[in-house]
Q: 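My questions all concern the structure below.
Just so we're on the same page: letters track the sequence lines, and every chain starts at 1. FYI, side chains are in, hydrogens and waters are out, and symmetry mates aren't considered; it's all heavy atoms of this structure.
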Amino acid sequence: MPPKKKKRTSSQLSEQNESPAKLRKKTVGPKKMSIQACSGNKTSEVKCSLEQKDAGEKGQKELFTYWLMKSEPESRIENGVDVKFGIEDLKAQSEQTGCWDGVRNYQARNYMKDMKVGQLAFFYHSNCKMPGIAGIIKVVKEAYVDHTQFDKKDPHYDPSSKQDNPKWYMVDVQFVRMTKRFISLTELKKYHLEHKSSGGALKNMALFTRTRLSVQPLTEEEFNFVLNLEDKDPI
DNA sequence: GCCAACGTTGGC
DNA sequence: GCCAACGTTGGC
């Protein structure tokens, strides 16, 4: 998605959640971002974030602390608007921060609602010549209403969403750094396949088990494994 | 609530 | 540009 313009709103609350039990998911989402930001902090460091891990008991939802967010780095016109938004576009924005708007998939939305300030995510380039992980970003503002759902000119306008009960939310993310090298989908896939038989860290990586999800959770083990690939030669 | 038709995602 | 996978819609 395209870069969009900015605005900010914040609200949170309401929602219907669809989390369900049946899995609802949708996939989607493009992303895009917009501008400025809305909140921010700067500084970039590397890994931080804390961990809280799951609470999971009660059958409740597990809490993830690491994420992977997909966006398209190459131009593509959707409803007359260029939805290109690569990591360089985020980096170029004020405070190197932008809102992750345009997600129109319930499961991806719900994951964004679970995000906490300070958590890290991989910035994944999708639908392009070289798909893969290009950098690291962090959450700087928790879920709030995605205003683009009400904008008829926006490629992700959703006429079914009402102002008094918004369906879609976004978070603000800030560029942290590029990964030391680009970690391609091809490389990740090799590890995933290998790990499926060996029981390695990427055996259940969402990138391969839930391919159409644009906002995905990573376990700490998955995140660390991928991060360690930075210092190794590509396979 | 089932399910067929349709739409979208996204790798190749 | 093709197309597989899978999510959504809507009739019944």
Q: Any side-chain N or O of A/Lys167 below 4.0 angstrom from OP1/OP2 of C/dT8?
A: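 Looking at the OP1 and OP2 atoms of C/dT8, neither is under 4.0 Å from any side-chain N or O of A/Lys167.
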
Q: In terms of side-chain heavy atoms, does A/Gln216 have a donor or acceptor partner in A/Trp67 at a distance below 3.5 Å?
A: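 Side chains of A/Gln216 and A/Trp67: no pair found under 3.5 Å.
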
Q: Please give, in whole Å, the distance from B/dG11 P to A/Glu72 CD?
A: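 After rounding, the reported distance stands at 9 Å.
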
Q: Please report the distance, rounded to the nearest Å, between CD in A/Glu187 and P in B/dC12.
A: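 After rounding, the gap between these two atoms is 14 Å.
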
Q: Will you find, in the side chains of A/Thr148 and A/Arg104, an N or O donor that is under 3.5 Å from an N or O acceptor?
A: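 Yes.
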
Q: Pick out the pairs of N or O atoms, protein on one side and nucleotides 1-7 of chain B on the other, that lie under 3.5 Å.
A:
from  : atom 1 : to       : atom 2 : distance (Å)
B/dG7 : N2     : A/Arg212 : NH2    : 3.1

Q: Please report, rounded to the nearest Å, how far the P atom of C/dT8 is from the OH atom of A/Tyr106.
A: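 These atoms are roughly 8 Å apart.
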
Q: I need the CZ-P distance between A/Arg104 and B/dT8, as an integer number of Å.
A: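 Whole-Å distance recorded here is 14 Å.
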
Q: Under 3.5 Å, side chain of A/Ser71 to main-chain N/O of A/Gly86, donor-acceptor pair present?
A: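 The answer is no, because no donor-acceptor pair under 3.5 Å joins these two groups.
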
Q: For A/Tyr144, is the NZ or CZ atom of A/Lys141 found under 6.0 angstrom from the centre of its six-membered ring and inside 45 degrees of the ring axis?
A: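 Yes, A/Lys141 lies over the aromatic ring of A/Tyr144.
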
Q: Rounding to a whole Å, what distance do you find between A/Met130:CE and B/dG10:P?
A: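 It is 18 Å, rounded to the nearest whole Å.
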
Q: Under 4.0 Å between any heavy atoms, over every strand shown, what does A/Phe208 touch: base, sugar-phosphate, or nothing? Just pick one.
A: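 Contact class for A/Phe208: none.
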
Q: Using the test side-chain contact (heavy atoms from CB on, under 4.5 Å), find all partners of A/Phe150 that sit at least two apart in sequence or belong to another chain.
A: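 Listed in chain order: A/Val145, A/Ser161, A/Gln163, A/Pro166.
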
Q: Is it the case that the side chains of A/Thr97 and A/Asp172 hold a donor-acceptor pair, with the cut-off being a distance below 3.5 Å and no angle test?
A: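 Absent: no donor and acceptor within the cut-off.
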
Q: Consider only side-chain N and O atoms of A/His125 and A/Glu74, and report whether a donor and an acceptor are under 3.5 Å apart.
A: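 Looking only at side-chain atoms, A/Glu74 and A/His125 do not form any donor-acceptor pair under 3.5 Å.
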
Q: What is the nucleic acid contact for A/Lys129, judged by heavy atoms within less than 4.0 Å: base, sugar-phosphate only, or nothing?
A: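 Result for A/Lys129 = nothing.
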
Q: Whole-Å distance between B/dG10 C1' and A/Leu213 CG?
A: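 The distance from CG of A/Leu213 to C1' of B/dG10 comes to 13 Å, rounded to the nearest Å.
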
Q: Nearest whole Å is fine: how far is C/dT8 C1' from A/His156 NE2?
A: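 The distance from NE2 of A/His156 to C1' of C/dT8 comes to 16 Å, rounded to the nearest Å.
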
Q: Can you measure A/Arg210 atom CZ to B/dG11 atom P for me and round it to whole angstrom units?
A: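 Value for this atom pair: 16 Å.
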
